[in-house]
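Some notes on the structure that comes next.
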Amino acid sequence: MGAGTDEADEDRPRALVVDDEREVADAYALRLRGLCEVETAYGGEDALRAVEDHEFDVVLLDRHMPGLSGDEVLERLDEGDFDGRVIMVTAIDPGFDVLDMPFDDYLCKPVDREDVRAAVTHQCTVLGYEVLGDYFGVESKRRVVEAELSTEERASHEEFGELQATAERLERRARRLLGDAADALDDFDAIGRESE
């Protein structure tokens with residue numbers, strides 16, 4: 001598995017490009033440079049290991065690979081509750097079989113630089129708003145408890161600590177995915193939740 005990250009990419013969405021043809025995977029990774037943090041996997045097993053070890057926002061997945069096919073990887077991601085988006089990037093022309101497949105977008109090769117970047121940006125935005133919704137649900141509970149209970153009561157409550165950690169993780173991910181569009185986070189901060 002190859003990596004194409006640098007320090008400037010740390011606050012950008014994270015993508016995994018999966019293709020058994022190294023040149024193809026590396027070419028798509030290169031097209032995404034500057035848009036997101038990118039890693040590559042050169043087969044289905046490598047892809048599943050990468051997803052297990054790291055949080056990815058978008059997976060670009062080839063369908064036709066020896067060993068574990070892209071369709072099988074997609075099925076395992078779905079069964080494993082992968083919480084990112086999947087874009088099939090493949091030379092296989094879609095048929096009715098795709099109607100039951102749990103992907104989020106489907107691009108037929110060859111895909112030019114602008115189209116792959118636009119598809120990744122779109123999926124990151126969709127995921128960002130989903131994460132933002134989750135964050136608002138968790139953070140509103142955390143804030144009302146914080147406003148009504150003492151520091152000592154909160155510190156001794158394990159579930160509250162877990163809720164706080166979840167809220168922080170979701171906020172970081174929403175900001176990473178949405179960038180400047182995360183203004184809704186600041187608007188949310190202005191809402192008063194404590195009793196008068």
Side-chain angles (χ1 to χ4, degrees), residues 1-22 24-65 68-92 94 98 101-135 169-182:
M1 180 173 54
T5 61
D6 59 35
E7 286 186 34
D9 288 339
E10 289 179 7
D11 293 328
R12 293 185 179 143
R14 297 175 184 152
L16 176 66
V17 178
V18 184
D19 199 302
D20 63 299
E21 295 182 52
R22 288 178 179 263
V24 173
D26 293 345
Y28 284 112
L30 188 60
R31 290 174 186 177
L32 295 173
R33 183 174 287 165
L35 179 67
C36 52
E37 179 180 332
V38 185
E39 290 191 27
T40 52
Y42 305 119
E45 292 293 344
D46 287 344
L48 293 175
R49 277 192 294 277
V51 169
E52 190 175 294
D53 293 341
H54 304 285
E55 179 181 63
F56 291 101
D57 303 306
V58 178
V59 172
L60 288 87
L61 181 61
D62 184 29
R63 284 186 74 182
H64 185 67
M65 296 186 290
L68 198 61
S69 73
D71 291 3
E72 292 169 306
V73 171
L74 180 64
E75 186 176 317
R76 291 209 195 159
L77 291 175
D78 188 50
E79 290 171 355
D81 295 326
F82 172 65
D83 66 348
R85 310 288 287 179
V86 178
I87 302 171
M88 303 304 284
V89 182
T90 181
I92 298 175
V98 302
M101 295 174 67
F103 60 79
D104 302 293
D105 202 348
Y106 197 104
L107 304 176
C108 293
K109 292 179 182 176
V111 182
D112 66 32
R113 180 180 187 272
E114 291 75 25
D115 287 340
V116 76
R117 289 174 69 88
V120 168
T121 298
H122 176 77
Q123 294 304 325
C124 286
T125 301
V126 170
L127 179 60
Y129 283 112
E130 289 174 359
V131 170
L132 193 61
D134 293 343
Y135 166 76
R169 180 182 56 78
L170 290 170
E171 180 181 9
R172 280 192 308 273
R173 191 173 190 195
R175 287 188 187 281
R176 184 177 78 228
L177 288 163
L178 296 173
D180 293 338

inquiry  = For a side chain to side chain contact (heavy atoms under 4.5 Å, CB included) check, start with the C-alpha distance between Val111 and Tyr28, then their side-chain angles and the critical distance, and finish with the verdict.
reply    = CA-CA 9 Å; Val111 182; Tyr28 284 112; 3.8 Å; yes
request  = Determine, stepwise, if the pair Leu32 / Arg117 fulfils side chain to side chain contact (heavy atoms under 4.5 Å, CB included).
outcome  = CA-CA 6 Å; Leu32 295 173; Arg117 289 174 69 88; 4.2 Å; yes
request  = Show your working on side chain to side chain contact (heavy atoms under 4.5 Å, CB included) between Asp19 and Lys109 and close with a plain yes or no.
outcome  = CA-CA 12 Å; Asp19 199 302; Lys109 292 179 182 176; 2.5 Å; yes
key: Evaluation steps, side chain to side chain contact (heavy atoms under 4.5 Å, CB included), between Glu37 and Arg176   = CA-CA 11 Å; Glu37 179 180 332; Arg176 184 177 78 228; over 6 Å; no
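Atom CZ in Arg113 sits 8.0 Å away from atom CG in Leu30 (nearest 0.5 Å). A distance of 8.0 Å separates CZ in Phe82 from CG in Leu16, rounded to the nearest 0.5 Å. Rounded to the nearest 0.5 angstrom, Leu132 CG and Thr125 OG1 are separated by 12.0 Å. Atom CG of Leu177 is separated from atom CZ of Arg14 by 9.0 Å, given to the nearest 0.5 angstrom. The CD atom of Glu45 sits 6.0 Å away from the CG atom of Leu48 when rounded to the nearest 0.5 Å. To the nearest 0.5 Å, atoms CZ (Arg76) and CG (Leu68) are separated by 5.0 Å.
Nearest heavy atom pair, residue Gly70 against residue Leu61, reads O-CD2, 3.3 Å. When all heavy atoms of Leu107 and Val116 are compared, the closest pair comes out as CD1-CA, 4.4 Å. A pairwise comparison of heavy atoms in Ala25 and Thr40 identifies O-CG2, 3.8 Å as the closest pair. Pairing each heavy atom of Ala174 with each of Gly128, the nearest pair is CB-O, 4.4 Å. Contact detail for Val86 and Leu77: the closest heavy-atom pair is CG2-CD1, 4.1 Å. Counting all heavy atoms, side chain and backbone alike, Gly44 lies closest to Val73 at CA-CG2, 3.4 Å.
Considering only heavy atoms from C-beta on, Arg172 comes within 4.5 Å of Arg169 through its side chain. In this structure, the side chains of Asp71 and Met88 come closer than 4.5 Å at one or more pairs of heavy atoms.
Comment: Glu171 engages Arg175 in a salt bridge, judged by a side-chain N to carboxylate O separation of less than 4.0 angstrom. Salt bridge present: Arg85 and Glu130 bring a charged side-chain N and a carboxylate O closer than 4.0 Å. A salt bridge does not link Arg173 to Asp134: none of the charged side-chain nitrogens sits closer than 4.0 Å to a carboxylate oxygen.
Contacts of Asp20 classified as side-chain contact (heavy atoms from CB on, under 4.5 Å), with partners at least two apart in sequence or in another chain: Asp62, Met65, Pro66.
Judged purely by distance below 3.5 Å, without hydrogens or angles, the side chains of Tyr106 and Arg63 pair a donor atom with an acceptor atom.
At distances below 3.5 Å, not a single donor-acceptor pair connects side-chain atoms of Asp57 with backbone N or O atoms of Gly84. In this structure, Arg31 contributes its side chain and Glu114 its backbone to no donor-acceptor pair below 3.5 Å.
Few gaps surround CD on Glu79; more than 12 heavy atoms of other groups in view lie less than 6.0 Å from it.
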